[in-house]
Amino acid sequence: MTKDELRAVLLDAQEAAALDVHGRTDAAVLVPLFVRDGEMHAVFTKRREDLRRHPGEISFPGGREDDTDRDLVHTALREAEEEIGLPVDAVEVLGALQPTPTIATSYAIYPFVGWIEAGREWQLSAREVAKVHEFSLGDLRAGYGRKRLIRRGVPFRTDTYVVGDDLIWGATARILGDLLDRVEGREELPWTA
C-alpha cells in the first residue's frame, strides 16, 4: 500500500482534531507506520511497570495536550519524540483515525497516522517506556479476539490483539481496530491474502 492509498482511507488530520469527543482531557497519539519486507508494521510502546497510570500496557506513543502545543498533531509528534526518540521531521503525517474516549481516565484521544522509514533506532524515555514493539499488521489482525479482562476488580469483555505474549486492549485496541478496518479488503495488502 502506498502512502497515497493509505492517506485516502484516513480522516483529514485537522478535521479529526476538531471533532468533539467525550473526555475531560485532550490527548493525542501517533500511529507510526512503515513497510519492512513488503509488509506494513505499526510501532507501539510498552509502558514501564512502575508507572501510576496504565503500568505495563502497550500503547501508541502519545500523551496529554500541553498548553504550549500548537495543536493536537503537534502533541502526538512531540510525545513520540519524547517517548521513543522519533524526530518530528522524520514523520510524514498522512491523516487521522477516529478519536476515542477512555472510560476509566476520561481522556479524549486523537490518533494521527504518520509514515516513517523502516529500520529506526529507538531512544526510549527511561521514565516512561520499557520497550518498543514493531508489529506487522498481519500479525495484529491474526491476534484479534474478544477476551474477558478484569480491571480494578470489574470484569468486562473487550476487543484485544495478542502478538506473542503481548496484549493490546482498551483505547489502543479501538484505535488499532479502526486502522485495520480502514485498510481491510484492499486486495493489494499482504495481510488480506
Side-chain angles (χ1 to χ4, degrees), residues 1-23 26-45 58-63 65 70-80 84 86 88-102 107-120 132-146 158-163 166 168-193:
M1 177 176 231
T2 68
K3 289 188 285 186
D4 288 337
E5 290 168 328
L6 182 57
R7 187 180 279 116
V9 299
L10 298 172
L11 302 173
D12 176 83
Q14 296 307 319
E15 289 175 11
L19 294 174
D20 191 30
V21 177
H22 178 73
D26 284 349
V29 297
L30 184 67
V31 181
L33 299 176
F34 66 90
V35 172
R36 181 174 58 222
D37 299 329
E39 191 166 12
M40 194 173 299
H41 290 68
V43 178
F44 298 84
T45 62
I58 295 176
S59 61
F60 292 110
E65 183 178 30
R70 291 185 304 277
D71 55 25
L72 286 164
V73 173
H74 180 258
T75 301
L77 293 169
R78 175 185 53 76
E79 287 282 346
I84 60 174
L86 180 59
V88 171
D89 62 3
V91 180
E92 181 181 351
V93 176
L94 301 180
L97 297 166
Q98 182 66 41
T100 186
T102 62
Y107 276 77
I109 300 176
Y110 292 81
F112 299 96
V113 176
W115 191 266
I116 65 173
E117 292 298 318
R120 294 211 60 88
V132 171
H133 291 290
E134 298 176 350
F135 294 135
S136 74
L137 296 193
D139 286 345
L140 289 160
R141 175 155 304 287
Y144 172 78
R146 295 221 11 115
T158 187
D159 292 339
T160 61
Y161 295 86
V162 177
V163 180
D166 295 301
I168 298 168
W169 66 282
T172 303
R174 291 193 299 278
I175 293 166
L176 177 59
D178 184 21
L179 174 67
L180 294 173
D181 286 348
R182 288 174 187 275
V183 298
E184 183 179 61
R186 314 256 317 195
E187 292 178 17
E188 71 275 12
L189 301 181
W191 58 87
T192 61

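Position 1 is the first residue of the sequence, and the numbers go up from there. Since this is a predicted model, take the numbers as computed values, not measurements.
- The structure places CE of Met40 at 8.0 Å from CG of Leu179, a figure rounded to the nearest 0.5 Å.
- Here the OH atom belonging to Tyr144 is positioned 10.5 Å from the CG atom belonging to Leu176, to the nearest 0.5 angstrom.
- Here the side chain of Arg141 pairs a donor or acceptor atom with the backbone of Leu180 at under 3.5 angstrom.
- Residue-environment remark: CD (Glu92) exceeds the threshold of 12 foreign heavy atoms within 6.0 Å.
- When each of Val113, Ile116, Leu94 is checked for a side chain to side chain contact (heavy atoms under 4.5 Å, CB included) with Leu33, only Val113 meets the rule.
- Looking at Val21 and Thr100, their side chains never come closer than 4.5 Å, going by heavy atoms from C-beta outward.
- In this structure, Thr102 contributes its side chain and Tyr107 its backbone to a donor-acceptor pair below 3.5 Å.
- Scored by the salt bridge (charged side-chain N to carboxylate O under 4.0 Å, His left out) test, Asp178 finds Arg182 as partners (sequence neighbours excluded).
- Every residue was checked against the salt bridge (charged side-chain N to carboxylate O under 4.0 Å, His left out) condition with Arg174, not counting sequence neighbours, and none meets it.
- Looking only at side-chain heavy atoms (C-beta outward), Trp115 and Thr2 stay at 4.5 Å or farther from each other.
- Inter-residue side-chain proximity for Leu11 and Gln98 is flagged as met; some heavy-atom pair is nearer than 4.5 Å.
- Applying the salt bridge (charged side-chain N to carboxylate O under 4.0 Å, His left out) criterion to Glu134, with sequence neighbours excluded, gives Arg36.
- The only member of Val162, Leu140, Asp159 that meets side chain to side chain contact (heavy atoms under 4.5 Å, CB included) when paired with Ile168 is Leu140.
- Between Arg70 and Arg78 the shortest side-chain heavy-atom distance does not fall below 4.5 Å.
- Taking the side chain as every heavy atom from C-beta outward, Asp166 and Phe135 approach each other to under 4.5 Å.
- For the residue pair Pro101 and His22, the shortest heavy atom distance occurs at CB-O, 3.1 Å.
- Residues Leu77 and Phe112 form no side-chain contact, since every pair of their non-hydrogen atoms from C-beta on lies 4.5 Å or further apart.
- Taking 4.5 Å as the limit, some side-chain heavy atom of Asp71 sits within range of a side-chain heavy atom of Gln14.
- Phe34 and His41 have parallel rings, their planes meeting at less than 30° on a 0 to 90° scale where 60° marks the start of perpendicular.
- Nearest heavy-atom pair, Pro111 versus Pro99, reported as atom, atom and distance to 0.1 Å: CD-CA, 3.7 Å.
- Side chain of Tyr110 to backbone of Leu19: a donor-acceptor contact under 3.5 angstrom is found.
- Taking both residues in full, the closest heavy atoms of Ala80 and Pro61 are given as CA-CB, 3.9 Å, listed atom of the first, atom of the second, then distance.
- Scanning all heavy atoms of the two residues, the minimum distance from Phe60 to Val43 falls at CD2-O, 3.4 Å.
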